[in-house]
Number of protein chains: 2
Amino acid sequence: MKQNGLDEMPPAGATIQEVAKAAGVSKTTVSHVLSGNRPVSAATRRRVEKVMAELDFQPNFFAQALTSKRSNSIALIVQDITNPYYPALARGLQLSVARRGQAVMLFDAGGGEQFADTFVNEAIQRRVDGVVIAASGMASGLARLQKAGIPVVAVGSGLSGLSVDWVSADDERIAGDAVRHLHASGRSRLATIAGPRGAAPGDSRLSGFLDAAASLGIEVLPQHVAVADFTRDGGYEAMERLMGTDSSPDAVFCANDLMAIGAMEAANAAGLDIPSAIAIVGVDDIDAASLVRPALTTVHIPVEEIGQAAGDLLLHRIDEGGGASYRQVLVNHELVVRASA
Amino acid sequence: MKQNGLDEMPPAGATIQEVAKAAGVSKTTVSHVLSGNRPVSAATRRRVEKVMAELDFQPNFFAQALTSKRSNSIALIVQDITNPYYPALARGLQLSVARRGQAVMLFDAGGGEQFADTFVNEAIQRRVDGVVIAASGMASGLARLQKAGIPVVAVGSGLSGLSVDWVSADDERIAGDAVRHLHASGRSRLATIAGPRGAAPGDSRLSGFLDAAASLGIEVLPQHVAVADFTRDGGYEAMERLMGTDSSPDAVFCANDLMAIGAMEAANAAGLDIPSAIAIVGVDDIDAASLVRPALTTVHIPVEEIGQAAGDLLLHRIDEGGGASYRQVLVNHELVVRASA
DNA sequence: CATCTCATCCAAACCGTTTTGCTTCACACC
DNA sequence: GGTGTGAAGCAAAACGGTTTGGATGAGATG
């Protein structure tokens, strides 16, 4: 019977009832000293608090949630937690919401797409107080969450049309800045490795790239637009395709660093020198960007800040409701010129 | 009043009571079709299920948790989520526990130390079904969790003495393998950049390093043991200290890749060629290890597998209790020889 | 025909809180 | 000495499920 040799009894956690009895008051009163919802005389309060401490009383979380209808948990749904972008996002988010007693539930789609919807279901069933969603194909999930009355904030661009709070980097301008940098350093045969079509930052960075090129009078060949999945391997393969075209580019803008690094490897493997034969620029400024040789020129995005902003937006909507006026925040980016372009 | 232009009414989630009424049965019966705890006639079952679907009924998570005393959530407490080691761990863990309907709650100590205890409290209050703890200074937290009767599994070494399930890489042998490789390639003035003393993988890798050196007849100078905090910056500074000593080393074993990369940078900055002037080996085999130039020789650790094993151990203890017989699993590592050593 | 046994279903108690009336009591006031 | 007032505390009803102990009726058994 005895499971642990140390204690004679599993502590089992005192209930409010037991505290009440030990303190000689009703559970109502105990509840009141707990919540402060109604006044309790100083003497009684002290007595109750003392008993609580002695019994190591901790209010039952589930019972509280049941009546208050709040779980004090928020869900973070990410595309791929092993992509260094997301841990930074998670940290920022936790920083923001932890102060308000909210815990973060992590749902990692593992790079796949189909899971995101499953996770939305989980979040709804668990009645989280809110969810931050940073995964591709989130539109349908968004709708379901909103129908369920759960506050959401989306992370990523291409959301302007939707009725949702969101935070994002200014992806079009990011791409534009990269293009202008490339152009200023004399490149003219521009290519891009874009993210998956229809997904968050992929489309915006692509259109930003295209627009900027157009406004500089640069023609971008159709075969110079490759699509990959934001992974290093994807970038590698996309680069191979790009190099395989008859008129090969002298610069490529990659929609994130991971793909840019993959692209660099492909270029190396093909014997192309970076940056003399081909310039490469990425986006995100992950740690690895400064580690590769040549060091990757990229656009720094303050990811942790994005996470915090998402948390703030979410808390605001949880507290205030906020109705149908949606807020969006754009964070600042910065071109970091290193050696690759 | 109207908040969302679409629906006239917030769906509000049907209760079991409403389902019962609509199906013309008692809530008991509904509960039984839900849980299968007692037989229900096929006809009734169908009727109830139909009503459930129509009303989009989802059992209230809190109410269920209140009676079942299970939250179907587990906590993952990590030292620093931006260290690429931990996201991989998180993924492995989720992979393991998601199949059993458990969600992962992420607590990121943000590199700091003092938070881990706070998080343990959070976990207890939230009555998670179990916790995986992978952070330094976890001993006190372990004790508290166990006293609260919450299953725990620890990740990291130096836990052999403790009464707890744990999973780890074989840190002593990892260090030994690295040392033997260094020795085999002709190095003799070995140094190490260890993790913080008293913390999980730092100590074991250090003693493994020392033991292996001793058994090879290599003398390690006291000033050739530097301590850092597992970050890149920490590795950089530790390397500076190492190079500042009068008899400078010709090889350094770093307790993780991040520090190894920092060390490489410091060596570069000092004009030391790697590997001719100084060899460097790390541990973890994070993505960046293959990206730096020269590519980092390191010891590969199957981190995702560690996460899965931790999940399996935890689920087992949640299900079976398991009493005072603790399990430990050691995962296999592998030396990956690249260019830096 | 009386009884026994299942299969089905229901009512009520329970999980541990919060919240909403109400009661009590002391005190001030007229 | 009645009456109004506020402070302090209590009982009971939620919250939305699960579980336990019957009740009911149909078919099997003697």
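Just so we're on the same page: letters track the sequence lines, and every chain starts at 1. Hydrogens, waters and symmetry mates play no part in the numbers below; they use all other heavy atoms, side chains included.
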### Query
Between A:Gln94 and A:Leu76, is any pair of side-chain heavy atoms under 4.5 Å apart?
no
Are OP1 or OP2 of D:dT19 and a side-chain N or O of B:Asn37 less than 4.0 angstrom apart?
yes
Applied to residues 305-314 of chain B, the salt bridge (charged side-chain N to carboxylate O under 4.0 Å, His left out) test, sequence neighbours excluded, yields B:Arg99-B:Asp312
Here the distance between atom P of C:dG16 and atom CZ of A:Phe62, to the nearest Å, is 11 Å
Taken to the nearest whole Å, CG/B:Leu66 to C1'/C:dC15 is 4 Å
So ring pair (Phe, Tyr, Trp, His ring centres under 6.0 Å) across residues 120-160 of chain B, not counting sequence neighbours, yields none
- Select base, sugar-phosphate, or nothing to describe what B:Phe61 touches, counting heavy atoms under 4.0 Å on all strands. nothing
By side-chain contact (heavy atoms from CB on, under 4.5 Å), A:Ser26 pairs with (sequence neighbours left out) A:Thr28, A:Thr29
Separation of C:dG16 atom C1' from B:Arg126 atom CZ, nearest Å, is 18 Å
Quiz item: Is a side-chain donor or acceptor of A:Ser71 paired with a backbone partner of A:Arg127 at a separation under 3.5 angstrom?
Solution: yes
Between CG of B:Leu55 and C1' of D:dG16 the distance, given in whole Å, is 15 Å
Rounded to whole Å, CG of A:Leu34 lies from P of C:dT17 at a distance of 8 Å
Going 5' to 3' through nucleotides 5-14 of chain D and flagging B where a protein heavy-atom sits under 4.0 Å of the base, S where only the sugar-phosphate is that close, and - otherwise, we get ----BBBB--
Exercise. For C:dT18, take OP1 and OP2 only and decide whether either is under 4.0 Å from a side-chain N or O of A:Ser31.
Key: yes
Is the phosphate of D:dT18 approached by B:Gln64 (side-chain N or O, under 4.0 Å from OP1 or OP2)? yes
Run the side-chain donor-acceptor check on residues 42-57 of chain B: report pairs under 3.5 Å with partners two or more places apart or on a different chain.
unit_1	atom_1	unit_2	atom_2	d
B:Thr44	OG1	B:Ser41	OG	2.7
B:Arg47	NH1	B:Ala23	O	2.4

Residue pairs meeting salt bridge (charged side-chain N to carboxylate O under 4.0 Å, His left out), one or both in residues 155-168 of chain A, sequence neighbours left out, come to A:Asp165-A:Arg317
A:Glu18 CD to C:dG16 C1', in whole Å, measures 10 Å
To the nearest angstrom, the NZ-C1' distance between B:Lys21 and C:dC10 comes to 17 Å
Separation of C:dC14 atom P from B:Lys69 atom NZ, nearest Å, is 13 Å
